[in-house]
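Note on naming: letters A, B, ... go to the chains in the order of the sequence lines (proteins, then strands), and numbering restarts at 1 for each one. What you see below is based on every heavy atom in this structure, not just the backbone, and it leaves out hydrogens, waters and symmetry mates.
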Number of protein chains: 2
Amino acid sequence: MKLAEKKDTKTHILDVAERHFAIYGFAGTTLRGIIKEADVNVAAVAYHFGSKEDLYSAVIERFAKPVVEEQLSRLRKEIVKRNVKLTNILTAFYEPPIALIKSMGKRGATLSLFLGRCQTEQEPIYSMIDKHFAPCRDQFLLAMRQVLPGLSKKDYHWNFEFMLSLIVCFLTRQQVISKRYTANENWQVDDVVSRLVGFCTAGMQDSK
Amino acid sequence: MKLAEKKDTKTHILDVAERHFAIYGFAGTTLRGIIKEADVNVAAVAYHFGSKEDLYSAVIERFAKPVVEEQLSRLRKEIVKRNVKLTNILTAFYEPPIALIKSMGKRGATLSLFLGRCQTEQEPIYSMIDKHFAPCRDQFLLAMRQVLPGLSKKDYHWNFEFMLSLIVCFLTRQQVISKRYTANENWQVDDVVSRLVGFCTAGMQDSK
DNA sequence: GTCTATAATTCGATAGAC
DNA sequence: GTCTATCGAATTATAGAC
């Protein structure tokens with residue numbers, strides 16, 4: 001907020017809350033910490049969002065909605081093709097969140113941490129998170145079964161879990177790794193996506 | 001604690017604290033919650049451990065020490081061989097924590113969650129955790145470079161991060177997945193290790 | 001070693017003026 | 001919509017008796 005001031009208060013609180021929840025988790029975040037940094041009154045949070053849980057819900061929804069919609073859109077375009085390929089399905093899954101995060105600059109880095117945090121939140125926060133991602137996840141799980149015949153049900157699910165863990169790994173470790181070995185934080189969407197898709201495709205198809 | 005009562009108070013507190021830190025994280029864990037479940041006095045924690053951070057430090061040390069020692073011992077036996085293989089190095093890394101967790105039954109399940117939690121803790125807890133795992137991690141990183149010639153420095157590190165994320169994924173998701181598709185929580189160490197090693201070996205060697 | 005009692009903070013939430 | 005003021009609860013940590 002330098003010039004062009006006047007992002008409305010509600011959005012401003014949302015931005016600060018997003019970063020706090022990402023860094024400290026739900027339990028470790030305090031409303032006082034948020035309002036102090038956002039330089040708003042404590043009652044403003046209650047007025048615009050309600051409780052601390054309601055605020056978290058608003059944060060997760062703003063993040064998850066565009067990602068999930070883009071993933072499903074991309075998936076639909078793939079599964080109508082005659083020869084559906086694992087590589088394309090993986091790309092449809094990996095690219096939307098990575099591209100979104102890349103396009104958002106500093107806020108993208110915050111969202112990366114946030115997604116990592118989502119993996120270890122407990123009830124009732126976990127259900128709140130899962131509600132936003134589960135339908136999309138199930139669609140991809142279904143699609144993957146079509147391109148990976150011959151695997152047991154158990155194998156499907158473990159491969160799928162590994163696929164999920166890889167993107168979480170990238171998003172949460174990206175800043176550390178990039179900075180450690182390239183002296184800056186630059187990375188390209190295509191590089192990252194192909195790295196993830198490559199590792200995952202090989203792991204799913206060529207293991208044993 | 002049924003018969004054979006009298007685990008000493010210090011160990012008892014440690015056991016309960018381990019589970020609380022695993023489930024709720026450092027910030028989400030309260031000393032009151034621990035002492036209530038352990039049925040000890042609040043002053044007992046201060047007497048035996050000191051502060052909340054000191055208690056966490058005791059928990060992480062008890063868990064990490066035997067795992068890291070076994071991993072390094074296994075690694076040393078591998079790297080003196082004439083033909084070091086990636087598969088063997090990965091097995092040396094994956095098997096000790098998985099075998100330990102399997103052998104510990106219910107407490108092993110708790111330790112799995114705990115390791116997942118470690119991935120998202122913040123300072124000063126993160127440094128406390130990293131201090132215990134970093135030396136071992138660096139040894140494996142070094143060994144892997146010998147068996148993966150031709151990869152860039154950046155590729156090494158990303159592959160290594162993926163390798164780490166896979167075991168964290170397994171440990172934290174194991175209960176959910178196993179229960180969902182086998183109606184029980186049984187799993188065999190060899191099965192899991194070969195699954196992880198297979199996926200990771202393929203991802204590292206056959207990608208692109 | 002174990003306990004009670006409590007100090008000193010900090011938290012989430014809300015009432016009510018403007 | 002925004003603010004001040006504050007309540008009630010929960011937290012870590014400690015002092016001191018036994």
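The 5' end of DNA chain C is approached more closely, in terms of each residue's nearest nucleotide, by Val42(B) than by the other of Val42(B) and Val42(A). Nearer to the 5' terminus of DNA chain D, by closest-nucleotide assignment, is the contact made by Val40(A) (compared with the other of Val40(A) and Arg32(A)).
Taking atom CG on Leu31(A) and atom C1' on dC7(D), their separation rounds to 16 Å, with Å as the unit. The interatomic distance linking Ile35(A) (CD1) with dA5(D) (P) rounds to 14 Å, in whole Å.
Under a 3.5 Å cut-off, the side chain of Thr29(A) and the backbone N or O of His20(A) do form a donor-acceptor pair. Although no hydrogens or angles enter the test, the distance criterion places no donor-acceptor pair under 3.5 Å between the side chain of Ser73(A) and the main chain of Glu69(A). Using modelled atom types, no side-chain atom of Asp130(B) and backbone atom of Ser127(B) make a donor-acceptor pair closer than 3.5 Å.
For residues 104-121 of chain A, every residue pair satisfying the side-chain hydrogen bond (donor to acceptor under 3.5 Å, both in side chains) rule, not counting sequence neighbours, is listed here: Glu18(A)-Arg107(A), Thr120(A)-Thr120(B).
Checked by atom type, the side-chain pair Asn88(A)/Thr91(A) shows no donor-acceptor distance below 3.5 Å.
Summarising the geometry, atom CE belonging to Met144(B) is positioned 8.5 Å from atom CG belonging to Leu151(B); distances are rounded to the nearest 0.5 Å.
In 5' to 3' order, the nucleotides of DNA chain C bounding all contacts with chain B (an atom under 4.0 Å from a heavy atom) are dG1(C) to dA5(C).
Contact check on Lys102(A) versus Asp190(A) returns no salt bridge, with no Lys/Arg side-chain nitrogen under 4.0 Å from an Asp/Glu carboxylate oxygen.
Against DNA chain C, the stretch residues 44-61 of chain B makes heavy-atom approaches under 4.0 Å through Tyr47(B), His48(B).
Aromatic ring centres of Phe49(A) and Tyr56(A): separated by at least 6.0 Å.
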